[in-house]
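Please read these numbers as outputs of a predicted model, since none were measured by experiment. Side-chain atoms are counted along with the backbone in the values below, which use heavy atoms only and exclude waters and symmetry mates. Residue numbers start from 1 in every chain, and the chains themselves are labelled A, B, ... in the order their sequence lines are given, proteins ahead of strands.
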2 protein chains.
Amino acid sequence: MKIDPKNPADLSAQIAGAIRDAIISGGLIVDERLPSEAELAEQFDVSRPTVREALKRLAAQSLIRTQRGATGGAFVNRLSFEAAQPQQITTSTLLLSMNAVSFETACEARYALERACAPLSAERRTPDHLATMRAEIHRQSQPGLTDEAFCASDVAFHRALVDGAGNPVLSYQLAGAVEAMQPLMNMITFTARDRARIITLHTDIADAVEAGDGATTLAALTALETETQDLAQSVFAARAARS
Amino acid sequence: MKIDPKNPADLSAQIAGAIRDAIISGGLIVDERLPSEAELAEQFDVSRPTVREALKRLAAQSLIRTQRGATGGAFVNRLSFEAAQPQQITTSTLLLSMNAVSFETACEARYALERACAPLSAERRTPDHLATMRAEIHRQSQPGLTDEAFCASDVAFHRALVDGAGNPVLSYQLAGAVEAMQPLMNMITFTARDRARIITLHTDIADAVEAGDGATTLAALTALETETQDLAQSVFAARAARS
DNA sequence: GCGATTCAAATGCCAGACAATTAGAACCCG
DNA sequence: CGGGTTCTAATTGTCTGGCATTTGAATCGC
């Protein structure tokens, strides 16, 4: 694990990269303790603050965790899906908001990915997943719900659908795509009629999943995508006309 | 933007979180310059090293970039798909290697997601994407290729297929899934016969994409998944028997 | 033996300083 | 007056040294 002192890049970035590579290549294994900050400083021939900056970089990516105290130090983190998910969502959200991705493109991606899970979910979902979906549909049908709460429930519904596939890799990937869409969805004002149509389609999906019917689930999802795209288009068109 | 000095969490983590929230909520816009480290230190009533640790955390997530010099400072980064992709791949790779995800699960997720792109790619792929796919197929058919190089070419082929959908959100999500599989694929030893079958299926996919035939593309992809799963199973079984 | 105390190691944080870099201002000269 | 050069100020990058806090373990007293 070496760094190049003549490299113009930040020393802390180089050190972070060296340690990251060691973790990825398996040179450092999960729960292994890194040398103390003082020892690392000596190893890389830099000061302790520089080492600390490097460690903070790694901590920001959940690659390591730190503990204080006598047996403390920096430890290689077991990167769990739960820990990685918030970062994935944050990144996806920012990517959408900063890159002028059209609603259409984001929506297409989301439903394309979701359709990938749907047949698996119809086949494998547990009663729990189905119950969550039904509960969210019920929540969505309550009057007086704000648009934000409606969208949040929509996200919960779709996450239950995705989780039903029982594949953590899929759930992880989809969480980013689905959650990142929420700010875009929140820009839409839903009329009572819009909500009714969406709830109907959600019910269709839940029914198909309950029946274990992958093809029907796919069809209902596609209908929901069409509905969502049309709705967004009309909302944005109306907004453009008003201004 | 405030922090709680009584919070047990690290001050640098709190500060990083506060700035991150400001970026996500739109309080800080792209390319906006943050206050200097000295000013931030005063604002949050902490020392400059603490502020620096916070900024490094954000830099590790590509949320900010820093410039030295007179007009330097920390700037809110426009998070691009290109910049986010390597992190996405690193995270996905570590998730697979650290969580005892079975080859079967990872492979299922990858092909499920890829099938989501396939019809779109068949419809929209440019000649460039097709040419890349053909070129990779040609590379794969060369004798003397190491298993690693074969897998790398496989990844390139599939990325071209995914990129053909022309949806950056899909490409971003899929890059993680496809690239993260590579270390797992590299564990497989391919016989000449294995390669020939894979190349045949790749050619089927390329042909279907060229014809703009989404359904056939899907079928070929599914056949490739089955082939891959079978191959992996036999390789792992042989390995288990040998040991 | 067991509980309380002390100790040592490690991270978290701070103050101050210097080096390196960079853009812009000031200056000089033709 | 214009162009090139130098100077300067601002800012990040790094270092030194130190203190505070936490925490496990060793030690001591009972």
Do NZ/NE/NH1/NH2 and the carboxylate oxygens of [X] and [Y] come within less than 4.0 Å?
X: E114(A); Y: R110(A); result: yes
X: K56(B); Y: E53(B); result: no
X: R65(B); Y: D31(B); result: yes

- Message: Strictly below 4.0 Å: does T66(B) bring a side-chain N or O up to OP1 or OP2 of dG13(D)?
- Response: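 So the side-chain polar atoms of T66(B) do come within 4.0 Å of the phosphate oxygens OP1 or OP2 of dG13(D), strictly under.
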
- Phosphate OP1/OP2 of dG13(D): any R52(B) side-chain N/O under 4.0 Å: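 Yes, such a contact exists.
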
- If you take all heavy atoms of R57(A) and S12(A), which pair is closest and at what distance?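 Closest heavy-atom pair between R57(A) and S12(A): NH1-OG, 2.7 Å.
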
May I have the distance from [X] (atom [atom1]) to [N] (atom [atom2]), rounded to whole angstrom?
X: E53(B); N: dA15(C); atom1: CD; atom2: P; answer: 14 Å
X: I64(B); N: dT11(D); atom1: CD1; atom2: C1'; answer: 14 Å
X: E42(A); N: dT16(D); atom1: CD; atom2: P; answer: 12 Å
X: L55(B); N: dT14(D); atom1: CG; atom2: P; answer: 13 Å
X: K56(B); N: dC13(C); atom1: NZ; atom2: P; answer: 17 Å
X: R65(B); N: dT12(D); atom1: CZ; atom2: C1'; answer: 15 Å
X: L11(A); N: dT21(C); atom1: CG; atom2: P; answer: 12 Å

- Message: Please evaluate residues Q87(A) and S62(A) with respect to the criterion side-chain hydrogen bond (donor to acceptor under 3.5 Å, both in side chains), reporting the C-alpha separation (whole Å), side-chain torsions for both, the decisive distance (0.1 Å), and the verdict.
- Response: CA-CA 9 Å; Q87(A) 286 179 13; S62(A) 302; 3.0 Å; yes

- Can you find a donor-acceptor N/O pair under 3.5 angstrom joining the side chain of R48(B) to the base of dG13(D)?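 Result: at least one qualifying N/O pair found.
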
- Task: Spell out protein contact along nucleotides 4-10 of chain C as letters: B when the base is contacted, S when just the sugar-phosphate is, - when no protein heavy atom is under 4.0 Å; keep the 5' to 3' order.
- Result: -----BS

- Item | Heavy-atom donor-acceptor pair, T50(B) side chain to V46(B) backbone, under 3.5 Å |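 No: the side chain of T50(B) does not pair with the backbone of V46(B).
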
